[in-house]
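Just below is one structure, and these are the notes that go with it.
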Amino acid sequence: ALLSDPGHQSFDSLLSFLEVQAPEVARLVREAELPERARRNATRLLAALASSSERFAPALAKPACLARALQMAGASDYLTELLVHHPEDLEVLDSVRPAPPDPSTEQLEMGWEHRAVLEAHPWATARGLDLRERMALLRRHYRARVLELGAADLAAGGPVFPMLRRWSVNAMRSIASALMIARNAVSPVTAASDTADWPFVVVGMGRLGLHEFDLASDADLVFVAASEVRREELEYWTRVAAKTLEILSSYTRDGTLFAVDTRLRPRGQEGELVVTVDGLCTYIVEHAQVWELLTYLKSHPLAGNAQLGQEIASRVYAGILNRLATYGDFEGELHQMRRRLERKVQVPWSNTKTAPGGYYDVDFAVSYLRLQHHIAAPPGANMVEQIRILRAAGAISSDDAEVLMTGAGFLRSVDHILRLVTGKAPNGLPEHVGHAEAAETLARRWKLISAEQTLAPQLHETQQQVRYVYRRLVGSE
(Lines give C-alpha, C1' and ligand atoms only; values in the text may rest on other atoms or scores of the structure.)
Protein backbone atom coordinates (compact mmCIF):
# COMPACT_ATOMS: atom_id res chain seq x y z
CA ALA A 1 0.00 0.00 0.00
CA LEU A 2 1.17 3.54 -0.73
CA LEU A 3 -0.45 4.70 2.50
CA SER A 4 0.47 2.89 5.71
CA ASP A 5 -3.09 3.29 7.01
CA PRO A 6 -5.34 4.21 4.08
CA GLY A 7 -8.54 3.73 6.07
CA HIS A 8 -7.82 6.41 8.68
CA GLN A 9 -6.73 9.54 6.85
CA SER A 10 -8.05 13.06 7.14
CA PHE A 11 -8.56 15.16 4.03
CA ASP A 12 -5.67 17.45 4.92
CA SER A 13 -3.25 14.63 5.75
CA LEU A 14 -4.12 12.84 2.53
CA LEU A 15 -3.60 16.03 0.55
CA SER A 16 -0.19 16.47 2.20
CA PHE A 17 0.71 12.92 1.21
CA LEU A 18 -0.32 13.61 -2.37
CA GLU A 19 1.70 16.82 -2.50
CA VAL A 20 4.82 14.71 -2.05
CA GLN A 21 3.94 11.46 -3.81
CA ALA A 22 1.68 12.69 -6.63
CA PRO A 23 1.64 16.48 -7.01
CA GLU A 24 -0.46 16.29 -10.20
CA VAL A 25 -3.18 14.43 -8.30
CA ALA A 26 -2.96 16.96 -5.48
CA ARG A 27 -3.46 19.73 -8.03
CA LEU A 28 -6.59 18.03 -9.38
CA VAL A 29 -7.99 17.75 -5.87
CA ARG A 30 -7.44 21.46 -5.24
CA GLU A 31 -8.90 22.45 -8.60
CA ALA A 32 -12.02 20.43 -7.84
CA GLU A 33 -12.81 22.97 -5.07
CA LEU A 34 -14.69 20.36 -3.10
CA PRO A 35 -17.24 21.72 -0.63
CA GLU A 36 -16.80 20.69 2.99
CA ARG A 37 -19.64 18.14 2.76
CA ALA A 38 -17.82 16.34 -0.10
CA ARG A 39 -14.43 16.03 1.55
CA ARG A 40 -15.27 12.87 3.45
CA ASN A 41 -16.27 11.15 0.20
CA ALA A 42 -13.16 12.42 -1.56
CA THR A 43 -10.93 11.27 1.29
CA ARG A 44 -12.38 7.75 1.24
CA LEU A 45 -12.10 7.59 -2.54
CA LEU A 46 -8.49 8.78 -2.65
CA ALA A 47 -7.52 6.48 0.21
CA ALA A 48 -9.03 3.52 -1.64
CA LEU A 49 -7.04 4.41 -4.76
CA ALA A 50 -3.86 4.90 -2.74
CA SER A 51 -4.22 1.55 -1.00
CA SER A 52 -2.04 -0.07 -3.69
CA SER A 53 0.17 1.02 -6.55
CA GLU A 54 -1.98 -0.98 -9.00
CA ARG A 55 -5.09 0.98 -8.01
CA PHE A 56 -3.27 4.31 -7.97
CA ALA A 57 -1.73 3.88 -11.44
CA PRO A 58 -4.93 4.76 -13.38
CA ALA A 59 -5.36 7.93 -11.32
CA LEU A 60 -1.87 9.01 -12.39
CA ALA A 61 -2.20 7.88 -16.00
CA LYS A 62 -5.72 9.21 -16.62
CA PRO A 63 -6.29 12.43 -14.69
CA ALA A 64 -9.61 13.02 -16.52
CA CYS A 65 -10.98 9.87 -14.85
CA LEU A 66 -9.90 11.15 -11.44
CA ALA A 67 -11.43 14.57 -12.14
CA ARG A 68 -14.78 12.91 -12.91
CA ALA A 69 -14.49 10.76 -9.80
CA LEU A 70 -13.89 13.84 -7.64
CA GLN A 71 -16.91 15.53 -9.21
CA MET A 72 -18.85 12.38 -8.34
CA ALA A 73 -17.62 12.56 -4.75
CA GLY A 74 -19.08 16.05 -4.47
CA ALA A 75 -22.49 15.04 -5.78
CA SER A 76 -23.29 11.40 -5.07
CA ASP A 77 -22.75 9.39 -1.90
CA TYR A 78 -23.98 6.24 -3.63
CA LEU A 79 -21.76 6.38 -6.73
CA THR A 80 -18.77 7.32 -4.60
CA GLU A 81 -19.45 4.30 -2.40
CA LEU A 82 -19.43 2.07 -5.49
CA LEU A 83 -16.05 3.44 -6.51
CA VAL A 84 -14.62 3.16 -2.99
CA HIS A 85 -15.48 -0.54 -2.93
CA HIS A 86 -14.37 -1.06 -6.52
CA PRO A 87 -11.54 1.43 -7.22
CA GLU A 88 -10.48 -0.75 -10.15
CA ASP A 89 -13.50 0.66 -11.97
CA LEU A 90 -11.99 4.17 -12.11
CA GLU A 91 -10.96 3.67 -15.74
CA VAL A 92 -14.58 3.27 -16.92
CA LEU A 93 -14.97 7.01 -16.34
CA ASP A 94 -12.69 7.50 -19.33
CA SER A 95 -15.35 6.20 -21.71
CA VAL A 96 -18.31 8.43 -20.91
CA ARG A 97 -20.61 8.35 -23.92
CA PRO A 98 -22.98 11.09 -25.09
CA ALA A 99 -26.72 10.57 -24.78
CA PRO A 100 -28.49 9.47 -27.97
CA PRO A 101 -30.69 12.04 -29.68
CA ASP A 102 -34.37 12.14 -28.75
CA PRO A 103 -36.27 10.68 -31.74
CA SER A 104 -38.75 12.76 -33.67
CA THR A 105 -42.44 11.92 -34.00
CA GLU A 106 -41.78 10.75 -37.57
CA GLN A 107 -39.13 8.30 -36.35
CA LEU A 108 -41.51 7.02 -33.68
CA GLU A 109 -44.27 6.41 -36.19
CA MET A 110 -41.92 4.15 -38.20
CA GLY A 111 -42.74 1.50 -35.62
CA TRP A 112 -41.50 -1.58 -33.89
CA GLU A 113 -38.39 -2.40 -35.91
CA HIS A 114 -36.54 0.59 -34.44
CA ARG A 115 -37.14 -0.64 -30.88
CA ALA A 116 -36.37 -4.34 -31.27
CA VAL A 117 -35.23 -6.58 -28.45
CA LEU A 118 -31.59 -6.23 -27.45
CA GLU A 119 -28.95 -8.92 -27.82
CA ALA A 120 -27.11 -10.42 -24.87
CA HIS A 121 -23.49 -9.54 -24.15
CA PRO A 122 -21.15 -11.84 -26.12
CA TRP A 123 -19.66 -13.40 -22.99
CA ALA A 124 -23.12 -14.60 -21.91
CA THR A 125 -22.67 -17.56 -24.27
CA ALA A 126 -18.87 -17.76 -24.36
CA ARG A 127 -17.40 -21.22 -23.93
CA GLY A 128 -15.26 -22.06 -20.93
CA LEU A 129 -17.25 -20.01 -18.40
CA ASP A 130 -19.42 -21.54 -15.71
CA LEU A 131 -22.62 -20.04 -14.28
CA ARG A 132 -20.86 -18.29 -11.39
CA GLU A 133 -18.33 -16.66 -13.71
CA ARG A 134 -21.04 -15.43 -16.07
CA MET A 135 -23.04 -13.98 -13.16
CA ALA A 136 -19.92 -12.20 -11.93
CA LEU A 137 -19.28 -10.71 -15.38
CA LEU A 138 -22.89 -9.57 -15.60
CA ARG A 139 -22.66 -7.73 -12.28
CA ARG A 140 -19.28 -6.17 -13.04
CA HIS A 141 -20.42 -4.93 -16.44
CA TYR A 142 -23.66 -3.51 -15.03
CA ARG A 143 -21.85 -1.78 -12.16
CA ALA A 144 -19.24 -0.27 -14.48
CA ARG A 145 -21.95 1.03 -16.78
CA VAL A 146 -23.83 2.53 -13.81
CA LEU A 147 -20.68 4.43 -12.86
CA GLU A 148 -20.16 5.54 -16.45
CA LEU A 149 -23.75 6.71 -16.87
CA GLY A 150 -23.81 8.37 -13.45
CA ALA A 151 -20.62 10.30 -14.14
CA ALA A 152 -21.93 11.47 -17.52
CA ASP A 153 -25.25 12.64 -16.07
CA LEU A 154 -23.65 14.39 -13.11
CA ALA A 155 -21.26 16.25 -15.39
CA ALA A 156 -23.52 17.31 -18.23
CA GLY A 157 -27.18 16.95 -17.40
CA GLY A 158 -29.44 17.91 -20.29
CA PRO A 159 -32.83 16.50 -21.32
CA VAL A 160 -33.68 13.72 -18.90
CA PHE A 161 -35.41 11.27 -21.25
CA PRO A 162 -32.33 10.51 -23.40
CA MET A 163 -30.45 9.95 -20.13
CA LEU A 164 -33.09 7.53 -18.88
CA ARG A 165 -33.07 5.71 -22.21
CA ARG A 166 -29.39 4.89 -21.64
CA TRP A 167 -30.15 3.56 -18.15
CA SER A 168 -32.98 1.51 -19.66
CA VAL A 169 -30.76 0.02 -22.34
CA ASN A 170 -28.25 -1.01 -19.66
CA ALA A 171 -31.00 -2.81 -17.73
CA MET A 172 -32.53 -4.35 -20.86
CA ARG A 173 -29.26 -5.75 -22.12
CA SER A 174 -28.56 -7.15 -18.65
CA ILE A 175 -31.96 -8.89 -18.73
CA ALA A 176 -31.27 -10.26 -22.21
CA SER A 177 -27.91 -11.56 -20.97
CA ALA A 178 -29.44 -13.08 -17.83
CA LEU A 179 -32.02 -14.84 -20.00
CA MET A 180 -29.29 -16.28 -22.23
CA ILE A 181 -27.24 -17.37 -19.22
CA ALA A 182 -30.33 -18.99 -17.69
CA ARG A 183 -31.17 -20.87 -20.90
CA ASN A 184 -27.66 -22.31 -21.03
CA ALA A 185 -27.78 -23.19 -17.33
CA VAL A 186 -31.08 -25.08 -17.68
CA SER A 187 -30.04 -26.93 -20.87
CA PRO A 188 -26.27 -26.50 -21.33
CA VAL A 189 -25.93 -28.96 -24.23
CA THR A 190 -28.99 -28.33 -26.39
CA ALA A 191 -29.57 -24.61 -25.79
CA ALA A 192 -29.75 -22.59 -29.01
CA SER A 193 -28.27 -19.10 -28.88
CA ASP A 194 -30.47 -17.78 -31.71
CA THR A 195 -33.45 -16.23 -29.93
CA ALA A 196 -35.40 -16.21 -33.22
CA ASP A 197 -35.97 -19.94 -32.61
CA TRP A 198 -37.34 -19.43 -29.10
CA PRO A 199 -41.07 -19.50 -28.34
CA PHE A 200 -40.44 -17.10 -25.47
CA VAL A 201 -40.30 -13.36 -24.72
CA VAL A 202 -39.55 -11.22 -21.67
CA VAL A 203 -41.87 -8.22 -21.55
CA GLY A 204 -40.88 -5.08 -19.65
CA MET A 205 -43.54 -3.06 -17.85
CA GLY A 206 -43.67 0.21 -15.90
CA ARG A 207 -40.60 2.41 -16.14
CA LEU A 208 -38.72 -0.27 -18.05
CA GLY A 209 -41.53 -0.50 -20.61
CA LEU A 210 -41.39 3.27 -21.06
CA HIS A 211 -37.59 3.34 -21.42
CA GLU A 212 -37.56 5.47 -18.26
CA PHE A 213 -35.67 3.01 -16.05
CA ASP A 214 -33.39 4.68 -13.51
CA LEU A 215 -30.94 4.01 -10.73
CA ALA A 216 -32.74 2.10 -7.94
CA SER A 217 -35.72 1.30 -10.18
CA ASP A 218 -37.42 -2.09 -9.97
CA ALA A 219 -37.59 -4.09 -13.19
CA ASP A 220 -41.24 -5.07 -13.76
CA LEU A 221 -41.21 -8.20 -15.93
CA VAL A 222 -43.76 -10.57 -17.42
CA PHE A 223 -42.62 -13.84 -19.03
CA VAL A 224 -44.66 -14.91 -22.09
CA ALA A 225 -44.52 -18.11 -24.16
CA ALA A 226 -46.02 -18.78 -27.59
CA SER A 227 -49.56 -20.10 -27.43
CA GLU A 228 -48.74 -23.33 -29.28
CA VAL A 229 -46.10 -24.58 -26.81
CA ARG A 230 -46.81 -27.97 -25.28
CA ARG A 231 -47.18 -28.45 -21.54
CA GLU A 232 -43.66 -29.84 -21.09
CA GLU A 233 -42.24 -26.91 -23.08
CA LEU A 234 -44.12 -24.47 -20.85
CA GLU A 235 -42.64 -26.17 -17.79
CA TYR A 236 -39.20 -25.89 -19.36
CA TRP A 237 -39.56 -22.15 -20.02
CA THR A 238 -40.89 -21.69 -16.50
CA ARG A 239 -37.60 -23.13 -15.22
CA VAL A 240 -35.71 -20.74 -17.53
CA ALA A 241 -37.74 -17.79 -16.22
CA ALA A 242 -37.10 -18.78 -12.60
CA LYS A 243 -33.38 -19.12 -13.29
CA THR A 244 -33.39 -15.71 -15.02
CA LEU A 245 -34.90 -14.15 -11.89
CA GLU A 246 -32.28 -15.84 -9.74
CA ILE A 247 -29.44 -14.58 -11.94
CA LEU A 248 -30.78 -11.02 -11.92
CA SER A 249 -31.73 -10.62 -8.27
CA SER A 250 -29.49 -12.90 -6.20
CA TYR A 251 -26.78 -11.22 -4.12
CA THR A 252 -23.23 -12.45 -4.73
CA ARG A 253 -19.74 -11.29 -3.78
CA ASP A 254 -19.95 -8.99 -6.81
CA GLY A 255 -23.18 -7.47 -5.53
CA THR A 256 -26.54 -7.50 -7.26
CA LEU A 257 -28.15 -5.80 -10.26
CA PHE A 258 -31.61 -4.48 -9.45
CA ALA A 259 -34.84 -5.64 -7.84
CA VAL A 260 -37.19 -7.60 -10.09
CA ASP A 261 -40.98 -7.61 -9.70
CA THR A 262 -43.17 -10.14 -11.55
CA ARG A 263 -46.47 -9.29 -9.86
CA LEU A 264 -47.84 -7.46 -12.89
CA ARG A 265 -48.49 -10.76 -14.66
CA PRO A 266 -52.11 -11.96 -14.91
CA ARG A 267 -53.50 -12.67 -11.42
CA GLY A 268 -50.32 -11.37 -9.80
CA GLN A 269 -48.51 -13.65 -7.38
CA GLU A 270 -51.27 -16.24 -7.69
CA GLY A 271 -50.77 -16.53 -11.45
CA GLU A 272 -48.33 -18.74 -13.34
CA LEU A 273 -44.82 -17.33 -13.70
CA VAL A 274 -44.97 -17.89 -17.48
CA VAL A 275 -48.19 -17.12 -19.34
CA THR A 276 -48.98 -17.91 -22.98
CA VAL A 277 -49.83 -15.18 -25.47
CA ASP A 278 -53.42 -16.42 -25.65
CA GLY A 279 -53.63 -16.58 -21.87
CA LEU A 280 -52.31 -13.05 -21.48
CA CYS A 281 -54.68 -11.59 -24.08
CA THR A 282 -57.70 -13.50 -22.77
CA TYR A 283 -57.01 -12.17 -19.29
CA ILE A 284 -56.77 -8.60 -20.57
CA VAL A 285 -60.02 -8.83 -22.56
CA GLU A 286 -62.06 -10.61 -19.88
CA HIS A 287 -60.65 -9.65 -16.49
CA ALA A 288 -58.26 -6.67 -16.59
CA GLN A 289 -59.12 -3.81 -14.24
CA VAL A 290 -58.59 -0.17 -15.18
CA TRP A 291 -55.20 0.02 -13.48
CA GLU A 292 -54.09 -3.08 -15.40
CA LEU A 293 -55.10 -1.53 -18.72
CA LEU A 294 -52.82 1.40 -17.97
CA THR A 295 -50.08 -1.01 -16.91
CA TYR A 296 -50.25 -3.15 -20.05
CA LEU A 297 -50.33 -0.02 -22.19
CA LYS A 298 -46.68 0.41 -21.15
CA SER A 299 -45.61 -3.13 -22.06
CA HIS A 300 -42.50 -3.50 -24.18
CA PRO A 301 -41.04 -6.87 -25.30
CA LEU A 302 -37.34 -6.56 -24.55
CA ALA A 303 -35.67 -9.99 -24.67
CA GLY A 304 -36.23 -13.26 -26.48
CA ASN A 305 -37.92 -13.79 -29.84
CA ALA A 306 -38.33 -10.38 -31.52
CA GLN A 307 -41.01 -11.52 -33.98
CA LEU A 308 -43.07 -13.07 -31.19
CA GLY A 309 -42.56 -9.87 -29.21
CA GLN A 310 -44.06 -7.85 -32.06
CA GLU A 311 -47.09 -10.15 -32.10
CA ILE A 312 -47.49 -9.77 -28.33
CA ALA A 313 -47.32 -5.97 -28.52
CA SER A 314 -50.01 -5.85 -31.24
CA ARG A 315 -52.35 -8.31 -29.55
CA VAL A 316 -51.99 -6.71 -26.12
CA TYR A 317 -52.95 -3.31 -27.51
CA ALA A 318 -55.95 -4.78 -29.33
CA GLY A 319 -56.98 -6.56 -26.13
CA ILE A 320 -56.77 -3.34 -24.15
CA LEU A 321 -59.12 -1.59 -26.59
CA ASN A 322 -61.56 -4.52 -26.48
CA ARG A 323 -61.62 -4.46 -22.69
CA LEU A 324 -61.99 -0.68 -22.68
CA ALA A 325 -65.25 -1.00 -24.63
CA THR A 326 -66.80 -2.83 -21.66
CA TYR A 327 -66.31 0.13 -19.30
CA GLY A 328 -69.25 2.53 -19.30
CA ASP A 329 -67.46 5.36 -17.49
CA PHE A 330 -63.75 4.82 -18.07
CA GLU A 331 -62.97 8.50 -17.39
CA GLY A 332 -64.72 8.37 -14.02
CA GLU A 333 -63.09 5.09 -13.01
CA LEU A 334 -59.69 6.38 -13.99
CA HIS A 335 -60.10 9.54 -11.94
CA GLN A 336 -61.41 7.61 -8.93
CA MET A 337 -58.42 5.30 -9.15
CA ARG A 338 -56.10 8.33 -9.08
CA ARG A 339 -57.92 9.69 -6.02
CA ARG A 340 -57.65 6.33 -4.23
CA LEU A 341 -53.93 6.32 -4.85
CA GLU A 342 -53.61 9.77 -3.32
CA ARG A 343 -55.55 8.73 -0.22
CA LYS A 344 -53.97 5.30 0.18
CA VAL A 345 -50.33 6.31 -0.21
CA GLN A 346 -49.47 9.13 2.18
CA VAL A 347 -46.43 10.92 0.80
CA PRO A 348 -44.85 14.35 1.27
CA TRP A 349 -46.12 17.07 -1.04
CA SER A 350 -42.73 17.03 -2.80
CA ASN A 351 -43.02 13.42 -3.93
CA THR A 352 -42.53 13.66 -7.70
CA LYS A 353 -44.51 10.51 -8.44
CA THR A 354 -47.71 10.11 -6.44
CA ALA A 355 -48.41 13.54 -4.92
CA PRO A 356 -51.10 15.67 -6.65
CA GLY A 357 -49.52 17.15 -9.77
CA GLY A 358 -46.88 14.42 -9.80
CA TYR A 359 -45.88 12.04 -12.57
CA TYR A 360 -48.98 9.90 -12.07
CA ASP A 361 -51.08 12.85 -13.25
CA VAL A 362 -49.08 13.05 -16.48
CA ASP A 363 -49.23 9.27 -16.91
CA PHE A 364 -52.97 9.04 -16.30
CA ALA A 365 -53.78 11.97 -18.59
CA VAL A 366 -51.67 10.62 -21.45
CA SER A 367 -52.97 7.05 -21.06
CA TYR A 368 -56.55 8.34 -20.94
CA LEU A 369 -56.15 10.31 -24.15
CA ARG A 370 -54.47 7.42 -25.95
CA LEU A 371 -57.26 5.04 -25.00
CA GLN A 372 -60.06 7.54 -25.59
CA HIS A 373 -58.84 8.28 -29.13
CA HIS A 374 -57.41 4.80 -29.89
CA ILE A 375 -53.93 6.19 -30.55
CA ALA A 376 -51.15 3.62 -30.62
CA ALA A 377 -47.51 4.34 -29.81
CA PRO A 378 -44.45 2.18 -30.53
CA PRO A 379 -43.48 -0.11 -27.63
CA GLY A 380 -40.90 1.68 -25.50
CA ALA A 381 -42.08 5.21 -26.35
CA ASN A 382 -41.47 7.40 -23.31
CA MET A 383 -43.99 9.85 -21.93
CA VAL A 384 -42.84 12.90 -23.87
CA GLU A 385 -42.77 10.90 -27.11
CA GLN A 386 -46.34 9.76 -26.45
CA ILE A 387 -47.46 13.35 -25.83
CA ARG A 388 -45.91 14.39 -29.16
CA ILE A 389 -47.85 11.63 -30.90
CA LEU A 390 -51.07 12.80 -29.22
CA ARG A 391 -50.40 16.38 -30.28
CA ALA A 392 -49.67 15.34 -33.87
CA ALA A 393 -52.98 13.42 -33.92
CA GLY A 394 -54.90 16.43 -32.62
CA ALA A 395 -55.87 14.64 -29.40
CA ILE A 396 -54.38 17.36 -27.19
CA SER A 397 -53.86 21.08 -27.64
CA SER A 398 -50.38 22.49 -28.10
CA ASP A 399 -50.66 24.42 -24.82
CA ASP A 400 -51.71 21.38 -22.78
CA ALA A 401 -49.07 19.24 -24.48
CA GLU A 402 -46.40 21.79 -23.59
CA VAL A 403 -47.45 21.84 -19.92
CA LEU A 404 -47.41 18.05 -19.69
CA MET A 405 -44.10 17.67 -21.55
CA THR A 406 -42.41 20.37 -19.49
CA GLY A 407 -43.89 18.95 -16.30
CA ALA A 408 -42.88 15.38 -17.14
CA GLY A 409 -39.34 16.49 -17.91
CA PHE A 410 -39.00 18.50 -14.71
CA LEU A 411 -40.51 15.80 -12.48
CA ARG A 412 -38.34 13.05 -13.97
CA SER A 413 -35.26 15.30 -13.78
CA VAL A 414 -35.76 15.96 -10.07
CA ASP A 415 -36.39 12.27 -9.46
CA HIS A 416 -33.22 11.35 -11.40
CA ILE A 417 -31.13 13.88 -9.50
CA LEU A 418 -32.30 12.54 -6.14
CA ARG A 419 -31.56 8.96 -7.19
CA LEU A 420 -28.07 9.93 -8.34
CA VAL A 421 -27.38 11.74 -5.07
CA THR A 422 -28.74 9.09 -2.69
CA GLY A 423 -28.86 5.84 -4.66
CA LYS A 424 -32.48 5.37 -3.57
CA ALA A 425 -35.96 5.93 -4.95
CA PRO A 426 -36.91 9.26 -3.35
CA ASN A 427 -40.01 9.89 -1.29
CA GLY A 428 -39.67 13.64 -1.71
CA LEU A 429 -37.07 16.38 -1.52
CA PRO A 430 -34.31 15.33 0.90
CA GLU A 431 -34.20 16.48 4.50
CA HIS A 432 -30.52 15.55 4.81
CA VAL A 433 -28.64 18.85 4.46
CA GLY A 434 -25.79 17.45 2.38
CA HIS A 435 -28.15 15.67 0.00
CA ALA A 436 -30.33 18.77 -0.32
CA GLU A 437 -27.31 20.92 -1.18
CA ALA A 438 -26.05 18.39 -3.72
CA ALA A 439 -29.49 18.20 -5.34
CA GLU A 440 -29.79 21.99 -5.60
CA THR A 441 -26.30 22.21 -7.12
CA LEU A 442 -27.17 19.61 -9.76
CA ALA A 443 -30.50 21.26 -10.52
CA ARG A 444 -28.68 24.52 -11.26
CA ARG A 445 -26.03 22.73 -13.34
CA TRP A 446 -28.82 21.11 -15.37
CA LYS A 447 -30.54 24.50 -15.70
CA LEU A 448 -33.70 23.31 -13.98
CA ILE A 449 -33.54 26.37 -11.73
CA SER A 450 -31.59 29.62 -11.81
CA ALA A 451 -28.83 30.57 -9.39
CA GLU A 452 -31.34 32.50 -7.27
CA GLN A 453 -34.02 29.79 -7.19
CA THR A 454 -34.46 26.69 -5.06
CA LEU A 455 -36.10 23.42 -6.04
CA ALA A 456 -39.11 23.46 -3.71
CA PRO A 457 -40.97 26.47 -5.17
CA GLN A 458 -40.29 25.39 -8.75
CA LEU A 459 -41.48 21.87 -7.98
CA HIS A 460 -44.64 23.20 -6.35
CA GLU A 461 -45.41 25.44 -9.34
CA THR A 462 -44.87 22.54 -11.76
CA GLN A 463 -47.21 20.32 -9.75
CA GLN A 464 -49.92 22.99 -9.82
CA GLN A 465 -49.65 23.37 -13.60
CA VAL A 466 -49.72 19.61 -14.21
CA ARG A 467 -52.67 19.09 -11.87
CA TYR A 468 -54.67 21.84 -13.59
CA VAL A 469 -54.26 20.22 -17.01
CA TYR A 470 -54.92 16.74 -15.59
CA ARG A 471 -58.22 17.85 -14.02
CA ARG A 472 -59.44 19.40 -17.23
CA LEU A 473 -58.52 16.37 -19.33
CA VAL A 474 -59.57 13.52 -17.07
CA GLY A 475 -62.17 15.00 -14.70
CA SER A 476 -62.68 17.42 -11.84
CA GLU A 477 -62.83 16.73 -8.14
Side-chain angles (χ1 to χ4, degrees), residues 35 37-38 40-41 71-83 99 146-168 170-171 206-208 210-219 258-259 345-363 382-384 406-451 453-464 466:
R37 59 178 166 77
R40 178 179 176 276
N41 279 346
Q71 184 180 53
M72 187 183 295
S76 173
D77 288 353
Y78 174 77
L79 295 174
T80 303
E81 191 72 16
L82 275 186
L83 208 48
V146 164
L147 284 169
E148 181 184 351
L149 293 174
D153 294 352
L154 290 172
V160 70
F161 290 101
M163 287 192 274
L164 295 181
R165 191 175 302 283
R166 295 193 301 165
W167 289 84
S168 301
N170 188 31
R207 293 189 66 147
L208 193 56
L210 287 171
H211 280 202
E212 296 179 18
F213 195 82
D214 205 345
L215 180 64
S217 289
D218 292 352
F258 38 75
V345 183
Q346 297 297 318
V347 296
W349 72 267
S350 61
N351 186 289
T352 61
K353 180 180 178 182
T354 57
Y359 207 77
Y360 272 2
D361 279 6
V362 179
D363 182 4
N382 65 42
M383 199 59 66
V384 165
T406 301
F410 184 85
L411 293 167
R412 276 294 192 238
S413 293
V414 173
D415 178 75
H416 188 45
I417 283 174
L418 299 181
R419 288 170 184 265
L420 289 174
V421 169
T422 66
K424 300 176 183 178
N427 193 38
L429 294 178
E431 297 179 359
H432 185 282
V433 174
H435 291 165
E437 291 178 357
E440 297 278 346
T441 299
L442 278 176
R444 295 187 181 96
R445 183 181 302 160
W446 293 9
K447 296 180 170 53
L448 296 179
I449 55 176
S450 67
Q453 290 178 312
T454 57
L455 268 176
Q458 188 62 38
L459 175 58
H460 183 62
E461 181 179 344
T462 299
Q463 290 172 324
Q464 288 181 314
V466 167

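Note that the structure is a prediction, hence the values are computed from the model and not measured.
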Derivation of the side chain to side chain contact (heavy atoms under 4.5 Å, CB included) call for L164 and N382: CA-CA 9 Å; L164 295 181; N382 65 42; over 6 Å; no
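- Contact check for T422 versus H432: no side-chain heavy atoms found under the 4.5 Å cut-off.
- Scanning both residues, W446 and D153, for their nearest heavy atoms gives NE1-O, 3.1 Å.
- Atom CE of M72 sits about 6.5 Å away from atom OG1 of T80, to the nearest 0.5 Å.
- Residues A171 and L208 share a closest heavy-atom pair of CB-CD1, 4.1 Å.
- A 4.5 Å side-chain heavy-atom check between Y78 and L215 finds at least one atom pair inside the cut-off.
- Considering every non-hydrogen atom in both A155 and R445, the closest pair reads O-CD, 3.7 Å.
- At least one donor-acceptor pair closer than 3.5 Å links the side chain of S168 to the backbone N or O of F213.
- Between W349 and L459 the shortest side-chain heavy-atom distance falls below 4.5 Å.
- The backbone N or O of M383 lies less than 3.5 Å from a partner atom in the side chain of E212, making a donor-acceptor pair.
- The two residues R419 and P426 have their closest heavy-atom pair at CG-CD, 3.7 Å.
- By the 4.5 Å heavy-atom criterion applied to side chains, L154 and S76 are counted as neighbours.
- Residues G357 and L411 share a closest heavy-atom pair of O-CD1, 3.7 Å.
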Chi angles and distances behind the side chain to side chain contact (heavy atoms under 4.5 Å, CB included) call for T352, L429: CA-CA 9 Å; T352 61; L429 294 178; over 6 Å; no
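- Within a 6.0 Å radius of CZ in R40, no more than 12 heavy atoms belonging to other residues, nucleotides or ligands are found.
- Counting only heavy atoms from C-beta outward, the side chains of V433 and R37 never approach each other to under 4.5 Å.
- Taking the side chain as every heavy atom from C-beta outward, Q463 and D361 never approach each other to under 4.5 Å.
- Within the model, atoms CG of N170 and CZ of F258 stand 8.0 Å from one another, a figure rounded to the nearest 0.5 Å.
- Partners of E461 under the salt bridge (Lys or Arg N to Asp or Glu O under 4.0 Å) rule, at least two apart in sequence or in another chain, do not exist in this structure.
- Between R207 and D214, at least one side-chain nitrogen of the basic residue sits less than 4.0 Å from a carboxylate oxygen of the acidic one, meeting the salt-bridge criterion.
- The CD atom of E431 sits 8.5 Å away from atom OG of S350, with the distance rounded to the nearest 0.5 Å.
- A donor-acceptor pair is defined here as one N or O able to donate and one able to accept, closer than 3.5 Å; such a pair exists between the side chain of E440 and the backbone of L455.
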Intermediate values then yes/no, side chain to side chain contact (heavy atoms under 4.5 Å, CB included), V160 and F410: CA-CA 8 Å; V160 70; F410 184 85; over 6 Å; no
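- To the nearest 0.5 angstrom, N41 atom CG is 4.5 Å from D77 atom CG.
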Side chain to side chain contact (heavy atoms under 4.5 Å, CB included) between L448 and I417, worked out: CA-CA 11 Å; L448 296 179; I417 283 174; 3.7 Å; yes
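- Nearest heavy-atom pair across A38 and A73 is CB-O, 3.7 Å.
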